[in-house]
There are 2 protein chains.
Amino acid sequence: MARLPLYLRALTGLAERGVATVSSEELAASAGVNSAKLRKDLSYLGSYGTRGVGYEVDFLRHQISREIGLTQDWSVVIVGIGNLGHALANYGGFASRGFRIAALVDADPKRAGEEVAGLQVRHADELEDLIQQLRISIGVVATPARAAQTVCDRLVAAGVTSILNFAPAIVQVRDGVDLRKVDLSTELQILAYHEQRKNGAALALTAEQAAELAEAVNG
Amino acid sequence: MARLPLYLRALTGLAERGVATVSSEELAASAGVNSAKLRKDLSYLGSYGTRGVGYEVDFLRHQISREIGLTQDWSVVIVGIGNLGHALANYGGFASRGFRIAALVDADPKRAGEEVAGLQVRHADELEDLIQQLRISIGVVATPARAAQTVCDRLVAAGVTSILNFAPAIVQVRDGVDLRKVDLSTELQILAYHEQRKNGAALALTAEQAAELAEAVNG
DNA sequence: GGACACTTGTGAACCCGTGCACAAAGTTGC
DNA sequence: GCAACTTTGTGCACGGGTTCACAAGTGTCC
């Protein structure tokens, strides 16, 4: 269930504030969902609540962690150490949630050897070896679009069974491999779509107008 | 509709390969969706196809662009110029799709004045002024979680009506403001969840094992 | 010009996630 | 121990999105 991480984050916040038990109503509010939905989600894991009282924060945290697989460490390889790969490698949120950035790989030989986030960047040729030696099961693709399919194929062939794809490309993987996609431009385009509907493009600019304003403000 | 950018990307790929017309079946395949779904989506825009033939690639591209609002430029402010903000500012995919990074803002006075992606980083105090002067309607939040709500409130108060939030926090905005969220850790956690189900945690490691392997390979 | 092959556009069934509402269960106070 | 209150867990209905299947329209070939 895709909302479990959300609940976990809300619970962690409550735990830090010293809250011992929480009702579905309260927890739902801090996670931004409907309370009935939350109860239905939690009941799917088992009956971990107490009627008349609510849920014990620490206990529920542990149950969700176990369900998600957070009680184990997962090794991750990041392929493509451009701007985005860089940011991902340095992103602190991964390590604290059981994800270990085990390897960084780039196709550019000039990048190989460079140190990023305390790890040496390896050349793409070593990809398969690294996956096997480090027992990596999750791959993050931050390459240009044209390389994405090839990279995914190689990851899958080497044994990776979960891929998070940031490249703006449609990639196909065989059954049994999980593929999730995050497309930054698409997210903005969806916003722009709604924006246009809202105020009849009152805030949209021509390229010339935008450039002019930028000139005036930034000099 | 959230799939229009997807179709647009597929169409652009076809256009580059010199394809003039395409059937719903083919286009659906390259976008990774069902052909009936695609036809229904496109029929929502109007009857732009020809029975017995298919859709004219260039014409359809233009129609979708117009629908999404890509024929206009949108000014964007990025708040929080850490690793992620840096990567977003340098990400080439925005400019080519009608999004103009108009301003970069950070709360750290030491960052102000620094040049990132050809733009001077401004201090957070200037946020409201920049939004008005540059007529910014879209905000990207790449701050730490604890600052996210405050930043969003200020963006909305200054007139921003669409927000893309990368901070791992639940933020509330008033009605009429569009808010989309991208949570990198959550994406990985969902993958880990499925991963755990698949192979009974065969590939999961304890933190010790992972550290040991890392030592052997990188050390 | 007519038969045939192809493709769109859409009505209708279906599926799944969501939210309401309530019974079951537990707690508190007396 | 009993009544009143609180909260969970879930049956059920609703609605939006997805898919099937097919009629209607278009081009092609002879």
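Within every chain, numbering begins at 1; the chains are lettered A, B, ... in the order of the sequence lines, protein sequences first and strands thereafter. Please read all numbers here as calculations on a predicted model, not as lab measurements.
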**Q.** d(CG, A:Leu60; P, D:dT7) in whole Å
**A.** 16 Å

Q: Check the distance between C:dA23's P and A:Arg39's CZ and give it to me in whole angstrom.
A: 15 Å

Q) For residues 16-31 of chain A, which residues have at least one heavy atom under 4.0 Å from DNA chain C? A) none

Q | Integer-rounded Å distance: C:dT10 C1' and B:Leu42 CG | A | 14 Å

Q.
Strictly below 4.0 Å: does A:Tyr55 bring a side-chain N or O up to OP1 or OP2 of D:dG9?
A. yes

Q) Any side-chain heavy atom of B:Leu179 sitting closer than 4.5 Å to one from B:Leu164? A) no

Q.
For B:Gln189, is there any backbone N or O sitting under 3.5 Å from a side-chain donor or acceptor partner on A:Trp74?
A. no

Q: For A:Arg154 and A:Ala124, indicate whether the former's side chain and the latter's backbone hold a donor-acceptor pair under 3.5 Å.
A: yes

Q. Looking only at heavy atoms, which two atoms of B:Asn90 and B:Ala117 are closest? And how far apart?
A. OD1-CB, 3.5 Å

Q: Would you mind reading off the distance between A:Tyr44 atom OH and C:dT18 atom P, rounded to a whole angstrom?
A: 14 Å

Q) Within a strict 4.5 Å, meaning less than it, do heavy atoms of the A:Ser75 and A:Arg135 side chains meet? A) no

Q. A:Ser47 near the nucleic acid: base, sugar-phosphate alone, or nothing, with a heavy-atom cut-off under 4.0 Å?
A. sugar-phosphate

**Q.** A:Gln196 side chain to B:Glu67 backbone, donor-acceptor under 3.5 Å
**A.** yes

For nucleotides 26-30 of chain C, print each protein N/O atom paired with a nucleotide N/O atom at under 3.5 Å, atom names and distance only.
unit_1	atom_1	unit_2	atom_2	d
C:dG26	O4'	A:Arg51	O	3.4

Q | B:Thr50 (side chain) donor-acceptor with B:Val53 (main chain) under 3.5 angstrom | A | no

Q: Please report the shortest heavy-atom distance between B:Leu27 and B:Val22, naming the atom on each side.
A: N-CG2, 3.7 Å

Q: Answer with yes or no whether the side chains of B:Asp41 and B:Tyr7 bring together a donor and an acceptor at under 3.5 Å.
A: yes

Identify all pairs in which a protein N or O lies below 3.5 Å from an N or O of nucleotides 15-19 of chain D, and state each distance.
unit_1	atom_1	unit_2	atom_2	d
D:dT18	OP1	B:Arg3	NH1	3.2
D:dT18	OP2	B:Arg3	NH1	3.3
D:dT18	OP2	B:Arg3	NH2	3.1
D:dT19	O4	B:Lys40	NZ	2.8

Q: Would you name the heavy atoms of A:Leu130 and A:Ala103 that are closest together and state the gap between them?
A: CD1-CB, 4.2 Å

Q. B:Asp106 side chain to B:Ile81 main-chain N or O, any donor-acceptor pair under 3.5 Å?
A. yes

